[in-house]
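Okay, so here's the structure we're looking at.
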Amino acid sequence: MIKLSIVNRENDILDELMHLNKQQVKSRVYYPGFGIWFNDVFAPSYINGDRDVITVRDKRYGTLLGFALLKIGAENKICNLSPLVDGVGMTQAILDASLLYYNKDFTIDVPITPETIKLHSKLNTLGFEVLEHGLSKDHVSQITYIKDRNLGWI
């Protein structure tokens with residue numbers, strides 16, 4: 001069993017995520033146009049304090065196993081959910097950390113693709129409600145879910 005370490009506002013996380021982006025990691029599955037958005041929108045907003053990153057690492061070796069890119073402030077939103085390994089509860093760990101992170105309701109946009117079917121199912125199982133169906137900025141069909149913190153699963 002893997003022991004997890006969940007952290008936010010980790011030192012040098014932008015450099016590590018930029019490196020992963022160059023390797024075209026799984027993030028692209030959950031966010032079409034990830035590279036451009038990450039460099040042009042997320043990174044500057046992170047530096048300004050309007051965004052944050054939750055990382056999930058193997059406690060023993062420090063290996064990055066997954067992450068969530070968050071929008072904070074007037075709109076609380078998981079902008080990107082990226083489990084980097086399968087089969088060890090990464091999606092659940094990241095969502096648990098997000099529920100603990102936010103002190104009020106938050107949303108998550110999930111593209112409708114074959115790769116995200118399991119994520120849609122997981123969100124429904126965990127009590128996320130469909131807020132709206134629509135298109136992302138990249139014109140990809142997506143569903144926006146909302147989570148009422150008062151109806152948490154932890």
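Along the sequence shown, the residues carry numbers beginning at 1. Note that the structure is a prediction, hence the values are computed from the model and not measured.
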Criterion side-chain hydrogen bond (donor to acceptor under 3.5 Å, both in side chains) on Tyr101 and Asp52, from CA distance to verdict: CA-CA 10 Å; Tyr101 180 89; Asp52 205 349; 2.8 Å; yes
Shared ILVMFWY cluster between Val130 and Phe106, side chains joined below 4.5 angstrom? yes
For Tyr102 against Lys77, the heavy-atom pair lying closest together: OH-O, 2.9 Å
Pairwise distance OG1(Thr55) to CD1(Ile94) - rounded to 0.5 angstrom: 9.5 Å
Smallest separation among heavy atoms of Cys79 and Lys71, with atom names: SG-CB, 3.7 Å
Output all residues satisfying salt bridge (Lys or Arg N to Asp or Glu O under 4.0 Å) with Glu132, sequence neighbours left out; order by chain, then residue number. none
Atom of Ile78, atom of Ala68 and distance for their closest heavy-atom approach: CG2-CB, 4.3 Å
Candidate pair Tyr145 and His120, rule side-chain contact (heavy atoms from CB on, under 4.5 Å), full reasoning: CA-CA 9 Å; Tyr145 294 91; His120 288 282; 2.6 Å; yes
Indicate the atoms forming the closest heavy-atom contact of Gly62 with Arg57, along with that distance. O-NH1, 2.8 Å
Lys147 NZ/CZ over Phe128 ring centroid, <6.0 Å and within 45° of normal: yes
Counting only N and O atoms by type, is there a donor-acceptor contact under 3.5 Å from the side chain of Asn76 to the main-chain atoms of Ile72? no
Any chance you could lay out the side-chain contact (heavy atoms from CB on, under 4.5 Å) test for Asn80 and Phe67, step after step, and finish with the verdict? CA-CA 8 Å; Asn80 179 273; Phe67 61 91; 3.6 Å; yes
side-chain contact (heavy atoms from CB on, under 4.5 Å) between Leu20 and Leu84, worked out: CA-CA 10 Å; Leu20 287 174; Leu84 300 176; 4.0 Å; yes
Flag the pair Leu126 / Leu95 as yes when at least one side-chain heavy-atom distance between them is below 4.5 Å, and no otherwise. yes
If you measure from CG on Asp50 to CG on Leu70, what distance do you get to the nearest 0.5 Å? 12.5 Å
Ring pair (Phe, Tyr, Trp, His ring centres under 6.0 Å) partners of Phe38, counting only residues at least two apart: Phe34, Phe42
Output the distance between atom CG (Leu123) and atom OG1 (Thr125), rounded to the nearest 0.5 Å. 8.5 Å
Closest contact, heavy atoms only, Gln142 versus Ser136: OE1-CB, 3.3 Å
Leu14 to Ala43 - nearest heavy-atom pair and separation: CD1-O, 4.2 Å
Is it true that atom CD1 of Ile112 has more than 12 heavy atoms of other residues, nucleotides or ligands lying nearer than 6.0 Å? yes
